[in-house]
Structure formats: C-alpha cells, structure tokens
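Below: one structure, written as structure tokens.
Order of the sequence lines fixes the chain letters, A, B, ..., with proteins taken first and strands second; residue numbering starts at 1 for each chain.
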Amino acid sequence: MVQFNLPQNSKIEVGKHYKDITNSNNLKKVNVYRWDPSTGKNPRVDTFEVDMDNCGPKVLDILFKIKNEIDPSLTFRRSCAHGVCGSCAMNIDGVNTLACIKSHTDINGDLNVYPLPHLKVIKDLIGDLTTLYKQYESIKPWLKQNKLVKKKQN
Amino acid sequence: MKKFQKSETDKCLDRFDKIRNSSGSTMTSELRLKMQKTMQSKCAVFRTEKTLKEGVDQIRKPYEGMNDISVKDKSLLFNTDLVETLEFDNLIRQALTTMDSAYNRKESRGAHAREDFSKRDDKNFMKHTLAWQNDNKVEIKYRDVHSRTLTNDVQYFPPKERVY
C-alpha cells in the first residue's frame, strides 16, 4: 500500500516543557500548537503546567494566564471574550469551538489546543481568514435598495 | 505629499526598535497589572486627596519598570507581545498625566469626582489642564476656557453647574 506522509516541514515536533513555578497542587498540563514562520523551524507542541487554583473557568483564561505569566510570545486572536465575536475560534480537546465559552473544567486530563484544522496557519493559534472574507463578500452581506434613486439636482 | 523630517521619523523608529529589542527581566503583563490596579484603586470614579497623593507616587513604579521590560517575541509577524508592550508604553504615559492632572485639580467637575471637593470651583478651576510628560516628571499648566463662539450667529452660553 502506498504510504502518504505529511511534507517534512509540516511534521509537528515535541516542543518545550514549561514546568510549574508556583508550587501549586492543582496543575493542568496544557499542550499548545506553536509555529512561528520567521524561525524556519517545524511546528511544535509546547507543554505548559498551569496553576488551576488561580485561573478563570474558560480555556481562554488559561491562554491569558500562559501569555501573561509563562510565555508572552504565545499568539492567539481574541476580542470580546464572551462568545459573541468568534475571534478565539480554535480546536480545543479535538473540537472546534470558541476558547471563551469552552470550560476547561469539562475536560479531564491534559488539554490540547490547536488552531482550526481547515485554515492555513499564520502563527501559533492564528489561522488565515483570507478565504473566509472572500466567501463572506461573495454572499453580499449588505442591504440593497430595489429602486435606483435619482441623483439630487443641486 | 508633505515631506517629513528624517529626524521626526527616526524618533518613531528608534522607539519601535528600542521596545522591540528590550531584553530586561520584567514582563509587560506584570507592569500592566500594576498600572491597572493603581489606576483602579487610586484614581477611580470617586477620588480623594489621599488616594491621589498615593497614586502619584505609586503610578511611577510601573513607569520606571519600563527600563527593565522584556519583549520575548522579536518576530515581525502578528507579534502580539510587541504590540502589547507598545500599547503599555502609550498607556503608562497617559496614566501618569491623568494621575497628576487629577491630583492638581482640587474640585469636582464632570467625570472628575473628588469626595473632598464635592462642588465645582469656577473661581479657581474654570480652565483646561495642559500636561507635558518628560520622563517621570509631569509639568502641569492651564489654559483659559474660551468665552466666545466662532461665529456671531449664535450667542455664547457660559458653562454652569448641572442641577436636577
């Protein structure tokens, strides 16, 4: 049988392991997909040990905690943070969802966070939305008038 | 198009490069949180001489922390670490001038509500605050409020206290 492999530069490698520095008894291991095209390296999955005693209830809170306290170079889109805008859409625990409405308390064991699977990745968890905007434009999502209005004479 | 002086554009690029290449030991998020907590507790909706005096000292700590700030991500693509640090640089300067301006305005007016000076004081403070920030010093000056309109078609209405 023919074996198909991912191109060499798409293979995901094991990344850094950030050990807990808070001495917390309530840790969660969070595996996050990382890729920075400017390094020329393959994508990797970094593992962060996060103190869950001082963390908000949603997966987005975990990402903020990692960015603010462990690794500020982690890159993801976010805007409204309460399930309206859709900026933080990503693949969490194997399911495409919004990081701001997904509770991490529902997830047992390690938490896996990947970018949306159908988009070209720009960096870390950020997908390329060019096609989305093109499709969006193609449905002409704006109001149109059904009569031509005569230009006002000045 | 108007030509810009190279010395002016260089200032912008120098600031960008300085922040991008900063390699201290303090995270932007740490200083930002300090700034947020100070503004929220010392310069919130209701202010007093005591909280503002403390705030004037305290807000300078995150400002001076800029000297030891670190930007870990050096890339030029979707660099949110760099953007957040540039934003912090803008915000902390704004916070400094806000705090000093509020401390110097010993009256209540509009959104500036001082519990120790609950009334507006048109005799001493019917004027705009002007602030110049130079390192951790903020120079405060004042400018008169215009008492005329830009046209003769409408009369001038002097501002007055809003009572219900």
Side-chain angles (χ1 to χ4, degrees), chain A residues 15-16 18 21-22 32-44 46 48 50-51 54-56 60-79 81 85 87-90 99-100 113 115-116 119-130 132-133, chain B residues 12-42 44 58-95:
Chain A
K16 286 176 206 156
Y18 293 84
I21 45 166
T22 62
V32 186
Y33 177 97
R34 307 295 304 273
W35 184 60
D36 181 356
S38 62
T39 60
K41 288 182 186 157
N42 276 23
R44 61 179 201 270
D46 281 356
F48 301 91
V50 183
D51 164 28
N54 298 294
C55 186
L60 187 64
D61 295 314
I62 297 187
L63 294 178
F64 276 136
K65 209 170 156 59
I66 295 173
K67 188 167 177 63
N68 289 338
E69 295 168 22
I70 306 172
D71 182 5
S73 71
L74 176 66
T75 308
F76 51 94
R77 279 199 193 92
R78 82 284 183 279
S79 182
C85 74
S87 297
C88 60
M90 53 187 75
C100 61
V113 184
L116 286 175
L119 297 177
K120 203 176 102 186
V121 173
I122 294 178
K123 184 175 179 178
D124 289 358
L125 300 170
I126 294 178
D128 187 350
L129 298 176
T130 312
L132 181 142
Y133 283 119
Chain B
C12 303
L13 293 173
D14 284 350
R15 168 185 180 245
F16 181 86
D17 287 336
K18 188 176 166 246
I19 289 182
R20 183 179 170 217
N21 295 317
S22 54
S23 54
S25 58
T26 319
M27 279 180 164
T28 308
S29 54
E30 194 184 313
L31 296 176
R32 186 178 53 210
L33 189 66
K34 254 189 213 165
M35 174 185 74
Q36 289 169 333
K37 294 208 159 174
T38 303
M39 291 309 281
Q40 195 63 50
S41 61
K42 308 292 176 195
Q58 227 180 76
I59 198 63
R60 277 160 171 79
K61 285 189 187 121
Y63 176 79
E64 274 142 24
M66 277 292 288
N67 296 325
D68 185 47
I69 210 164
S70 78
V71 173
K72 187 178 172 193
D73 191 345
K74 308 287 183 201
S75 75
L76 287 170
L77 187 89
F78 230 113
N79 189 340
T80 51
D81 188 16
L82 175 60
V83 169
E84 283 182 11
T85 311
L86 289 164
E87 282 172 354
F88 173 74
D89 184 43
N90 292 338
L91 284 166
I92 189 66
R93 289 160 198 278
Q94 207 63 51

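- Not one N or O on the side chain of B:R93 forms a donor-acceptor pair closer than 3.5 Å with the backbone of B:F88.
- The part of A:D36 that comes within reach of chain B is its side chain, from C-beta onward, which places non-hydrogen atoms under 4.5 angstrom from that chain.
- Considering all non-hydrogen atoms of both residues, A:V113 and A:M90 come closest at CG1-SD, 3.6 Å.
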Next on the checklist: Under the criterion side-chain contact (heavy atoms from CB on, under 4.5 Å), I'd like the reasoning laid out for A:I66 against A:F64: C-alpha separation, chi angles, the key distance, then a yes or no.
Outcome noted: CA-CA 5 Å; A:I66 295 173; A:F64 276 136; over 6 Å; no
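- Taking B:Y63 as the reference, nothing meets the ring pair (Phe, Tyr, Trp, His ring centres under 6.0 Å) condition, with sequence neighbours excluded.
- Listed options A:P37, A:P72, A:S38 were ranked by heavy-atom pairs under 4.5 angstrom with chain B; first place goes to A:P72.
- Smallest separation of non-hydrogen atoms from B:I19 and B:T85: CG2-CG2, 3.6 Å.
- Taken to the nearest 0.5 Å, the CG atom of A:N42 stands 11.0 Å off from the CZ atom of A:R44.
- With sequence neighbours excluded, the residues that form a side-chain hydrogen bond (donor to acceptor under 3.5 Å, both in side chains) with A:S73 are A:R34, A:D71.
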Item to complete: Step by step, work out the side-chain contact (heavy atoms from CB on, under 4.5 Å) result for A:R78 and A:L60.
Response: CA-CA 8 Å; A:R78 82 284 183 279; A:L60 187 64; 4.1 Å; yes
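- Remark: A:E69 CD to A:F48 CZ distance equals 12.5 Å, nearest 0.5 Å.
- Of all residues spanning residues 23-35 of chain B, those with a heavy atom less than 4.5 Å away from chain A's heavy atoms are B:M27, B:S29, B:R32, arranged by number.
- For a residue to count as touching a neighbouring chain, one of its non-hydrogen atoms must lie under 4.5 Å from one of that chain's; by this rule A:I122 touches chain B with backbone and side chain alike.
- Side chain of A:D124 to backbone of A:W35: a donor-acceptor contact under 3.5 angstrom is found.
- Contacts from residues 66-78 of chain B to chain A, taken as heavy-atom pairs separated by less than 4.5 Å, involve B:K72, B:D73, B:S75, B:L77, B:F78 in sequence order.
- Side-chain atoms of A:K16 never come within 3.5 Å of backbone atoms of A:D46 as a donor-acceptor pair (strictly under, hydrogens ignored).
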